[in-house]
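Just the heavy atoms: all of them, side chains too, but no hydrogens, waters or symmetry mates, feed the values below.
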Amino acid sequence: ATVSVLYWLEEGHMDMPLVFNDMNDDTNKDGKELGQLPGDESDSGKGDVQVDMSAVVPPFCAGAGEFNLLVLTCCLLLVCLPAVLLICAVTMSLATFGIIAAVLFAAGIIFFCYAISPIIHGAVKPVPPPKLHSCLKHQHSGDKQCGAISVKRVYLIYNPHGGGGAAKQIVDDTVLPLFKTKGIATEVIKTTHSGHPVELARTLPTKGFDVMCIVGGDGSLHELSTGMLSRPQQERIPVGFVPAGSGNSIMMDLGCWDPKTAASRIALGETSWIDALHVTDKYKNLDTYSLNGIFWGLVGDVAVSSERPWLRRLFGPKRYDVVSIWSVLKGQKWTAKVTIDGLDVTTHEFTTLFVNNTQYLGKALRATPDAYMDDGLMDVTYLTSGSYGKGELLKIFGQLPNGSHNSDDKIVKKQSVHVKLEPGGDDPKLCNIDGEVATFEGYLSITCIPKALQIMSPPVPDPLPPQR
């Protein structure tokens, strides 16, 4: 019955076209987030140009045939048939039917316990998480080292409708009063459309300004950094970030989720250098930069599928967890050729693959505990399909917040300078970049640029403890 309802919904009885704002935007005309990683709320503009991605995004039940057949078979053999036999045993006084029903019921219970045994084992014997460490460790070496600047004049960019008005409130009640007390002249700019922060960071005159700040989530910082890194080196200025989303995975790495503390850091003038990931596709239709990470396969699919209108209405913020569990259960696979640093590593069916510059993704998920933001390397993590059963995958999801999954040898972990992902075919494919849904054609090329961006942050920020 559940499967029938899902297919009914998928046929459009409760759905609408899957519409996303054009790349790098994460608000719709109501100021609500679109195309985010679980837990992220960033903000870019209102009244934006939107793109119908229904033709690119697979149906919600795509690839679920095998799982649906398994569930249906189990229901018939281990629930329905025993129930019928039990009724017959009671009404006809046939003890044999009752015994068979009891055996089938017991078999069903044993099968269910076996299926979830990895989750139970993970709860009973939790794996110790890796030790917390600062996300920066090379600020006192090389040509670009940490330092301090005098902050006298800044740009402050924000979306007045972002986060349901949270960004505006943070600007008015926290950032502007603090900058005023520090004697910092502030030019406030409100974003008006999709990609506006990219345009501003690329074109605003930087002479006479010390910092370009943005208030928002990871997607907002992604846009600002993409614009800044598009400029000639001599025109770039440090970037400041005040968190106003609920994800803010970059600020999780930098040890600061509090807007007032983040604004105080900017006023203090301490700067650090972090790497950036340059992301392009075969035809250069996609050309952007990532500070957080690029997600493909299951993790990327969750962010896209979660934005279906009927899921938003039924489950609200919990839709990310619902879609994650559903994606694991249906066992969807993605085939691709992966090349790391020029070496053909593997052509496989993958469960997921993600390339991180930070330790965290989404809402405090410590996906790559070994990552540093200034080591000139990106951390590549992937799972091939068949490496895990569904119960083991669900256990891994439960370990993501504190990073204890990192000790699992079946999870492939590599550090590299360049990654090329070729899913095959020239039709548009989906990925997720810093919480933003993006399409690419042909292949995805990711290159780490060492110490590409100067940010307002202490050289060795204290890490935040795991939390959800």
- [ ] Measure the CE-CD1 distance between Met212 and Ile157 for me, rounded to the nearest 0.5 Å.
- [x] 5.5 Å
Task: Partner of Thr288 by side-chain contact (heavy atoms from CB on, under 4.5 Å), out of Ile433, Thr280, Val198 - done: Ile433
Task: By salt bridge (charged side-chain N to carboxylate O under 4.0 Å, His left out) - contacts of Arg202 (at least two apart) - done: none
TODO: Can you sort out the partners of Asp374 under side chain to side chain donor-acceptor pair (under 3.5 Å), two or more places apart, ordered by chain and number?
DONE: Gln139
- [ ] Give the C-alpha distance, both sets of side-chain angles, the deciding distance and a yes or no for side-chain hydrogen bond (donor to acceptor under 3.5 Å, both in side chains) between Ser290 and His222.
- [x] CA-CA 6 Å; Ser290 166; His222 162 72; 5.5 Å; no
TODO: Please examine the side chains of Phe241 and Met456, heavy atoms only from C-beta on, and report whether any two atoms are closer than 4.5 Å.
DONE: no
Open item on the list: Whether the side chain of Asn402 engages the backbone of Pro129 through a donor-acceptor N/O pair (distance < 3.5 Å, no angle test) should be reported.
Closed with: no
Open item on the list: For the NZ atom on Lys168, are there more than 12 heavy atoms of other groups (residues, nucleotides or ligands in this structure) within a distance under 6.0 Å?
Closed with: no
Open item on the list: Any heavy-atom pair between the side chains of Thr339 and Val419 that's under 4.5 Å?
Closed with: no
Task: For His138, ring-ring contact (aromatic ring centres under 6.0 Å, His included) partners two or more places apart - done: none
- [ ] Could you tell me whether a side-chain N or O of Asp434 sits under 3.5 Å from a main-chain N or O of Asn292, the two making a donor and an acceptor?
- [x] yes
Task: Trp273 CH2 to Met373 CE distance, which is reported to the nearest 0.5 Å - done: 14.0 Å
Task: N/O donor-acceptor pair under 3.5 Å between Asn159 side chain and Gly216 backbone - done: no
Open item on the list: With rounding to the nearest 0.5 angstrom, report the CZ to OH distance, Phe354 to Tyr382.
Closed with: 12.5 Å
Open item on the list: In terms of relative ring orientation, are His278 and Tyr289 parallel, tilted or perpendicular, with 30° and 60° separating the classes?
Closed with: parallel
TODO: Look only at the side chain of His405 and the backbone of Ala367, and say whether a donor-acceptor pair between them is shorter than 3.5 Å.
DONE: yes
TODO: Supply the atom-to-atom distance Leu377 CG to Ser416 OG, rounded to the nearest 0.5 angstrom.
DONE: 7.5 Å
Open item on the list: For Thr368 and Asp379, which I'm curious about, is there any donor-acceptor pair between the side chains at under 3.5 Å?
Closed with: no
Task: Any donor-acceptor pair under 3.5 Å from Ser134 side chain to Pro461 backbone - done: yes
Open item on the list: Less than 6.0 angstrom from the centroid, inside 45 degrees of the normal: does Lys137 satisfy that with respect to the ring of Tyr372?
Closed with: yes
- [ ] Ignoring hydrogens and angles, tell me if any N or O in the side chain of Asn432 forms a donor-acceptor pair with the backbone of Ile294 under 3.5 Å.
- [x] no
Task: Exam field: side chain Asn357 to backbone Ala276, donor-acceptor pair closer than 3.5 Å - done: no
Open item on the list: When you measure from the side chain of Asn356 to the backbone of Gly293, do you find a donor-acceptor pair of N or O atoms at a distance under 3.5 Å?
Closed with: no
Task: Flag, side chain of Lys413 to backbone of Asn406, donor-acceptor distance under 3.5 Å - done: yes
Task: Cation-pi, Tyr443 ring and Lys420 (6.0 angstrom, 45 degrees) - done: yes
